[in-house]
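Below: the structure, in structure tokens.
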There are 2 protein chains.
Amino acid sequence: MAASTLTEVARLAGVSPATASRVLNGSARKPGKDIAERVRQAAESLGYIPNAQAQGLAKSSSGLIGLIVHDIADPYFAAIARGVQEAAREQRKMVLLATTGGGPAEEKEAVAAFAARRADSIVIAGSRSSRDEDKDGNSELAAELDRYCRNGGQVAVVGHPVVGATAPEGYHVVKVPNQELAGRLATELAGSWDGDFVIVGGPEGLLTSDDRVRGFQEGLERAGRRPAEVLRSAFNRSGGYDAGLELAARIKAARTNAGPSGEGGGAPKLCIFAVNDVMAIGAAAALRSEGLRIPRDAAIAGFDDIETLRDFRPALSTVRLPLEDIGRVATRATQRRLAGDDGDDGDGADDASPGDITGEVTLRRSTEAAA
Amino acid sequence: MAASTLTEVARLAGVSPATASRVLNGSARKPGKDIAERVRQAAESLGYIPNAQAQGLAKSSSGLIGLIVHDIADPYFAAIARGVQEAAREQRKMVLLATTGGGPAEEKEAVAAFAARRADSIVIAGSRSSRDEDKDGNSELAAELDRYCRNGGQVAVVGHPVVGATAPEGYHVVKVPNQELAGRLATELAGSWDGDFVIVGGPEGLLTSDDRVRGFQEGLERAGRRPAEVLRSAFNRSGGYDAGLELAARIKAARTNAGPSGEGGGAPKLCIFAVNDVMAIGAAAALRSEGLRIPRDAAIAGFDDIETLRDFRPALSTVRLPLEDIGRVATRATQRRLAGDDGDDGDGADDASPGDITGEVTLRRSTEAAA
DNA sequence: CTGTTAGCGCCTTCAA
DNA sequence: TTGAAGGCGCTAACAG
């Protein structure tokens, strides 16, 4: 027993399907009051639910927004997803979720699947990669996106444009000032921290990570500090943990060496900048497991200001990113511009309200200099 | 310029649409090798992507799984969502996401929206409520689910059945042994903790919270302890924080009172059981803000074992729930049973592999008795 | 094995 | 304002 159809409703109400359609779904034209009521009653009594697939087929638009993330359980993506979800609700659309683990190949699959479902727009979150091994994946993804846009789809990418994508229209990039913010973080830290800096970064080629590393180095330079050494590991907690172990070993070694010859009580203390909060937490856990304390033995800072991590002690210095807003802005960017918009700079790929996204350096206990 | 259609592909390949369909999409019947290749080439060169809406219309099944959560940014739901996502991928389906904030009215909306999209199945996560104010909402939700199931839909609810739902078929409940596990937690804690217990619960009527409260009390009773007082507040971090402030005040008051008359060094220490991890973290933050330390001044335990919170210090005693599995199991339960299944106990609403979901009491530092 | 013929449920011209 | 007719893109019965 399948769901009842518009035709059945119409028949029960004694009108034509066309009329029933007009009253039940928003049409420009308004049927007579009396007839409208009859139709509504019929629909109600049959428990009629319009078939969105059929509607979509007829109108060739689905009311769907596709969201692509690496991993929905990652709080970073979960926060963005919340923003997307909210914006979707404003637009009275539903969100289709795809998680890809970060590979361009899977992202391409997801885009194709969304295209198949005729999603009105697609939001891609998660760092782009410029690594060699992803080169082919990237260009396939770019091609898929191009096609999708050419067919009228709207795309918003968070962070960086997909490498190689050149869609003429409907392709938006929500820029996140990772580099600038990391720079600010560095200069602020440099103001209160005398020791050396070390950066715990993700794999080289992960654009978000690279931006933050670069920005941090620039900030150090502006502050007249020497560049930080960069340790590379996985872009997640366990990567941070690994790097933390390595650093703990160094710190302990330096301490015992400096003990005898030390000038004033020990080696200069290290300030660790992990390119995201989750890595920072991992690094902190590693230090702790090695008997080191923060900020007594080393300072540590992260990036993102993940909400769930705010109760972590010592409170983590970080850069607050308005993750939810980012999701919202990206989603809104894909809403087709209405007439009268001051446009397009002509060259295609337009930025979504540039300048909208901004962050805030947030210094907390984990980087306090006090011995 | 819309996407190209199967008809166009067929024409380019010089075959009928039916044939093209057979080669491009899995059909039982296999076209000739040569013709198949031609079709594939045509499809490739046109960048053909099948229109899932049209396919769905024709086959009356959409390849969609609807997921309903309170809030996708809540790590509890995010973890479940990951499991759902994985199971969906196994079934080669996509997941449609709806977040409702927990109200039955919005959940009903979501179910209707999923029904409109002809989702093959729906997974509902998030605690059910039996509060009076939700009574109407619950019965409307139940009616909507009933209808959805009668039309052939599959539903899985995590935790408790929707109050009042009586769908004869396709309605599954993934039971989570909250009560039993809370009981085990209580008895284990009672073994190492001499002081009194207090429960920080969610609003009365939230079934998950109620189960955990009840189970914990039973566990205490089994251990020969007197029942714990129950504080009610919001089922989230801020609720935990509020309760924590209240408790901190009491603890401090008791301490100053007991000081003079104390037998052995102070009032008996309190062990706080918050019905979920996020509340526990909130409560811990409140205690800390009042200058109290854990577990020195009070012990605290949570429930869920949220991954992101595992690095919290002192490490939180809790009950590990296999959230991801729960999502997976729920999703799989909605997969229509194939012939030859040992069935149905006849009365309809069947449980999804009962006994599959189990948890594990995990005692950590936050409840260590050592002064 | 292939092509033809009907729909799936709805929306949207067009006439009435 | 209302109804009739055609089509959205695809699949599932048939026929050849």
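Below, chains carry the letters A, B, ... as their sequence lines are ordered, and counting in each starts from 1.
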I need the CG-C1' distance between Leu6(B) and dG7(D), as an integer number of Å. 16 Å
Taking the minimum atom-to-atom distance to the side chain of Ser16(B), which one of dT4(C), dC11(C), dG3(D) wins? dT4(C)
Could you list the donor-acceptor pairs under 3.5 angstrom formed by side chains in residues 40-51 of chain A, with sequence neighbours left out?
{"unit_1": "Ser45(A)", "atom_1": "OG", "unit_2": "Ala42(A)", "atom_2": "O", "d": "3.1"}
{"unit_1": "Asn51(A)", "atom_1": "OD1", "unit_2": "Gln53(A)", "atom_2": "N", "d": "2.8"}
{"unit_1": "Asn51(A)", "atom_1": "OD1", "unit_2": "Ala54(A)", "atom_2": "N", "d": "3.1"}

For dC10(C) and Gln55(A) - does any side-chain N or O of the residue sit under 4.0 Å from the phosphate oxygens OP1/OP2? no
Under a 3.5 Å threshold, yes or no: a donor from one side chain and an acceptor from the other, between Asp120(B) and Gln154(B)? no
Give the residues of residues 56-63 of chain B touching DNA chain D, defined as any heavy atom closer than 4.0 Å, sorted by residue number. Ala58(B), Lys59(B)
Could you tell me the separation between the NZ atom of Lys33(B) and the C1' atom of dC1(C), rounded to a whole number of Å? 15 Å
Any salt bridge linking Arg328(A) with Glu90(A)? Criterion: basic side-chain nitrogen under 4.0 Å from a carboxylate oxygen. no
Tell me if a side-chain donor or acceptor on His172(A) pairs with a main-chain N or O of Ala333(A) at a distance below 3.5 Å. yes
Nearest to the side chain of Val15(A), heavy atoms from C-beta on, is which of dG9(C), dT2(C), dG3(D)? dG3(D)
Does any pair with a residue in residues 63-74 of chain A pass salt bridge (charged side-chain N to carboxylate O under 4.0 Å, His left out), and if so which ones, sequence neighbours excluded? Asp71(A)-Arg82(B)
Presence of Asn25(A) side-chain N/O under 4.0 Å of dC11(C) phosphate oxygens OP1/OP2: yes
My understanding is that only residues two or more places apart in sequence, or in another chain, count here; which of them pass side chain to side chain donor-acceptor pair (under 3.5 Å) with Ser16(B)? Thr19(B)
Leu97(B) and Met94(A), any side-chain heavy atoms less than 4.5 Å apart: no
Measuring to OP1 and OP2 of dG9(D), would you say a side-chain N or O of Thr7(B) lies under 4.0 angstrom away? no
Among dC10(D), dA13(D), dC10(C), which nucleotide has an atom closest to any side-chain atom of Arg22(B)? dA13(D)
Please report, rounded to the nearest Å, how far the C1' atom of dG9(D) is from the CG atom of Leu24(B). 13 Å
Nearest atoms (heavy-atom pairs only) where Val174(A) meets Ala330(A): CG2-CA, 3.6 Å
Selected nucleotide, minimal atom distance to Ile35(B) side chain, candidates dA4(D), dC10(D), dT2(C): dT2(C)
Any side-chain heavy atom of Gln55(B) within less than 4.5 Å of one from Asn25(B)? yes
Just how far, in rounded Å, is P of dC10(D) from CZ of Arg118(B)? 20 Å
Is any side-chain heavy atom of Ile122(A) less than 4.5 Å from a side-chain heavy atom of Ile65(A)? no
Let's see if you get this right: which residues in residues 39-54 of chain B place a heavy atom under 4.0 Å from DNA chain C? none
What I'd like to find out is whether the side chain of Leu64(A) reaches to under 4.5 Å of the side chain of Arg118(A), using heavy atoms alone. no
Heavy-atom pair with the smallest gap, counting every atom of Gly327(A) and Val84(A): O-CG2, 3.6 Å
End-to-end bend of the helix from dC1(C)-dG16(D) to dA16(C)-dT1(D) (five-pair axes, 10° rounding)? 40°
Counting side-chain heavy atoms from CB outward, which of dG3(C), dG9(C), dC10(D) is closest to Thr19(B)? dG3(C)
